[in-house]
Amino acid sequence: MGSYLEQLNPSQRAAVEHVEGPSLVIAGAGSGKTRVLTYKVAYLMEQGFSPYSILALTFTNKAAKEMKERIGRVTGEHASRHLWMGTFHSIFSRILRAEAAAIGFPSTFTIYDSADSKSLINNIIKNELNLDNKHYKPRSVQARISLAKNSLVTPSAYAQDEKILMRDKSQRLPHIKEIYSIYVKRCKAAGAMDFDDLLLYTNILFRDHPEILQKYQDMFRFILVDEYQDTNYAQFLIVRQLAKAHGRVAVVGDDAQSIYSFRGARLDNMLQFPKIFENTKIYKLEQNYRSTQNIVKAANSLIAKNKGQFEKNTFSENAPGDPIIISNYYSDQEEGYSVARSISDLIMRGGNDYSDFAILYRTNSQSRNFEEALRKLNIPYKIYGGLSFYQRKEIKDLLAYFRISSNSRDNEALKRIINFPKRGLGQSSVSKVETVSNLSGEAMLDICRKPLEFNCEVNAGTAKKLSTFAELIDKFQEEINTKPAHEMAEIILKESGILKEFSDQNDIENISRKDNIQEMLNALSIFEEGRKKENDLDTVTLLHFLEEVSLLTDQDQDNGEDTNKVTLMTVHASKGLEFKNVFIVGMEKELFPSSQSVESPSQYEEERRLFYVAITRAEEKCFLSYAKSRYQWGKANICAPSPFLRDIDNQYVRAPGDVSFRTKKTIQREQNGPGNDAQKLAALRTQQARRQNSVSPDFKPSDPNSITAGMQVEHARFGMGKVLSMEGSGESAKAVIFFQKEGQKNLLLKFAKLRIVQ
DNA sequence: GGGCCCTAAATTTTT
DNA sequence: TTTAGGGCCC
């Protein structure tokens, strides 16, 4: 220990060794931020801070887990295990469970995911307030409520805020304040919190219970926050409260990488940090160790188009590197196949593993073409985002059983499974129970138990069905506290009838559902073993599993087996990661930047920062591509290149062949408008098809050993070319070949199929 | 109450 | 293209 400090450059080291008083570390992309954070925690422990006294807040659970492991390697695992390290949401849900009584929640409170909360909001709009859910779109109402909560605007504050009311009124949405107020009531009655509540109630807890606040102020003697540029107001206040007494708070972030304002993140938290926390010392990490000079310069030239940021000068002393390559394609499908082929080429040439590649896109829905193409070429890949395991129907249903068994007031869970499997309890019966529940404040499950006592007007048959259901859940509730998670889950599967439901049919979908259930059981076993390993024998029940699972995302699902694979993810999800080669795809107008961002300059700049994040993921090679037509909702649409492509300084990019998107011809084509383009597109398509078939079917490669410099050769895809020089021999023999159409290429002869022409 | 068929909407990004 | 939800009939 100790020697690790010597691995740091002077500014990194200064940031690590800063202990007393607030500090702000402005960490450019690839500047060794993770290393600084890791060593900082190790250093603090060396200085006598116990792991229990260090609170380190990260952006994802995965980041926390990885950092814990890294720290463990420096300090020893026994010490690092006890650090308070995790996301705001996971750390404060833990604290809220411990202090639940103080704010009137059960310690087993459920965490509603956004699907739960959306469905509750929809229900309030439609059934309780009789509003039109086409006009009051649950999704956007949900977004407003979320932003309000993130700014600590409670329903009563919302209803008194003239500015907000005016805005809602002018958008003909005057009832949002009622929806919000009822929503909060319903959540509370259900003993449930949504994601935003975890932060909001933490603030309420600290505000209303100074003694509890003080307990945690005393406990956390040092506070670290990563990705500070993406914290919201609620998070800022929590940090300020906890750090108030001792001021030992270090925040790390990069204003150029702030990409989450849509969910309430305030760049101001970072910009104003020195003003809020007196005597803040600022450290700037400006040297990029990740990327080539060219990539860093290209990214800098892009971000310079934004206004308003911290002054910093990121630079790289790595190799100059290759220019960023821009390609255009006729369709999104061709884009998919070309990217897949490029990856396979680069692999064949040697020096790259599958895991050295990432394909980054703006929206999850773009992944399909790439998945298809990669599958066809037998390239292994892993995909993040989209429908995660825990969002699948059968898994959510099973989880709903777990939830209602641990928190009988969880009405959303109840509604999900009261008629699954079918029990003859349809919508009308359920709404009757729900109405009574809303009016009386009693949990739906309690009404199910004795519907007639609550004047719930159902017939005798239905009443019996309801009480039978309630008894089933009651039985689970008795056991859930004592039985290990895995065993309990099997009981639930069997006695609820889910198992029977699935065993009856054997179609393909059903088999995959069964597989998923099995995977869930495996996950429970793994969870139990993990807890046992840490000698946590008291925390192996479903209750404890639920506490963890609601805050997991599929990024955290990484089981370590998925090592050598190409990564597919959104640019947002790629934050904090790095790859040797990065393909940023779908660089089209109205896609990236998103069409919804063009009205507002600040959103437009955020999209640009997002593009900056994407480029700076690349260590060596960065490829940008756009398609001229793209399938959306089953229809082909004409697309124009993204204006962001022009924001990168010309000298750092290259468009191969003669199709530079910057040539006069292309600009003219873009300006011609869609009509003209559509005709051309058809022509281009046939041309394209012809070109792909240009290699005769009887193409026979020549013996690689007989190829020498100066020869004319033909490549199956690149066409005619001349061998400029040769290098190596036998298995590793390489040739530099200049192709008429594709330019200069470096090919490994073992793989490149070449035919000698002369 | 349950099953079938039709229509409309969805794709911004996530703890 | 896929999926959710509403209407209709048994």
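Just so it is clear, the values below take in all heavy atoms, side chains as well, and ignore hydrogens, waters and symmetry mates. We name chains A, B, ... by the order of the sequence lines, and we start the count at 1 in each one.
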ask   = Does NZ or CZ of A/R97 lie under 6.0 Å from the centre of the six-membered ring of A/F109, at an angle within 45° of the ring axis?
value = yes
message = Distance check needed: B/dT13 P versus A/L577 CG, whole Å only.
response = 17 Å
note = Closest of B/dG1, C/dA4, B/dT15 to the A/H89 side chain is B/dT15
inquiry  = The side chain of A/T87 is closest to which nucleotide in this list: B/dG1, B/dT15, C/dG6?
reply    = B/dT15
request  = Let me know, please, whether A/S428 or A/E606 comes out on the 5' side of the other along DNA chain B by nearest nucleotide.
outcome  = A/S428
request  = Would you classify A/S429 as touching base, sugar-phosphate or nothing, given that sugar-phosphate means primed atoms plus P, OP1 and OP2, and contacts are heavy atoms under 4.0 Å?
outcome  = sugar-phosphate
query = Is the phosphate of B/dT15, meaning OP1 or OP2, less than 4.0 Å from a side-chain N or O of A/T60?
reply = no
inquiry  = Reading DNA chain B from 5' onward, which residue's closest nucleotide shows up sooner: A/Q603 or A/F88?
reply    = A/Q603
inquiry  = Please enumerate all residues that pass ring pair (Phe, Tyr, Trp, His ring centres under 6.0 Å) together with A/F59, with sequence neighbours excluded.
reply    = A/Y260
What are the atom names and distances for every N/O pair under 3.5 Å that joins the protein to nucleotides 2-10 of chain B?
residue : atom : partner : partner atom : Å
B/dG2   : OP1  : A/G424  : N            : 3.1
B/dG2   : OP2  : A/N419  : ND2          : 3.0

query = According to the salt bridge (Lys or Arg N to Asp or Glu O under 4.0 Å) rule, which pairs have a member within residues 585-598 of chain A, sequence neighbours left out?
reply = A/E588-A/R630
inquiry  = Can a donor-acceptor pair be found, under 3.5 Å and without considering hydrogens, that links the side chain of A/T462 to the backbone of A/V458?
reply    = no
remark   = Minimal heavy-atom distance between A/A400 and A/I417, with the atoms involved, is CB-CG2, 3.9 Å
task = Specify the residue among A/N133 and A/G634 whose closest nucleotide of DNA chain C lies further upstream toward the 5′ end.
result = A/G634
message = Counting the atoms with a prime plus P, OP1 and OP2 as sugar-phosphate, which does A/K575 contact under 4.0 Å by heavy atoms, base, sugar-phosphate, or nothing?
response = nothing
task = Using a heavy-atom cut-off of under 4.0 Å over every strand shown, decide if A/Y260 touches base, sugar-phosphate, or nothing.
result = sugar-phosphate
ask   = Between atom NZ in A/K635 and atom P in C/dT1, what is the gap in whole Å?
value = 11 Å
ask   = How close or far is atom P of B/dT12 from atom CZ of A/R630, stated in whole angstroms?
value = 14 Å
message = Ignoring hydrogens and geometry beyond distance, is the side chain of A/R368 in donor-acceptor contact with the base of C/dT1 at under 3.5 Å?
response = no
message = Test of understanding: with ring pair (Phe, Tyr, Trp, His ring centres under 6.0 Å), list the residues that count as partners of A/F623, not counting sequence neighbours.
response = A/F583
remark   = In whole angstroms, the gap separating P of B/dT14 from CD1 of A/I111 amounts to 19 Å
ask   = With sequence neighbours left out, what residues match A/Y112 under ring pair (Phe, Tyr, Trp, His ring centres under 6.0 Å)?
value = none
task = Could you name each residue pair satisfying salt bridge (Lys or Arg N to Asp or Glu O under 4.0 Å) that touches residues 117-135 of chain A, not counting sequence neighbours?
result = A/E128-A/R186
message = So, OP1 or OP2 of B/dT12: does either fall under 4.0 Å of a side-chain N or O from A/S597?
response = no
request  = Looking at every strand, decide which applies to A/N364 at a 4.0 Å heavy-atom threshold: base, sugar-phosphate, or nothing.
outcome  = sugar-phosphate
task = Looking at every strand, decide which applies to A/S365 at a 4.0 Å heavy-atom threshold: base, sugar-phosphate, or nothing.
result = base
message = As a test of reading the structure: which of B/dT14, B/dT13, C/dG6 is closest to the side chain of A/K126, going by heavy atoms?
response = C/dG6
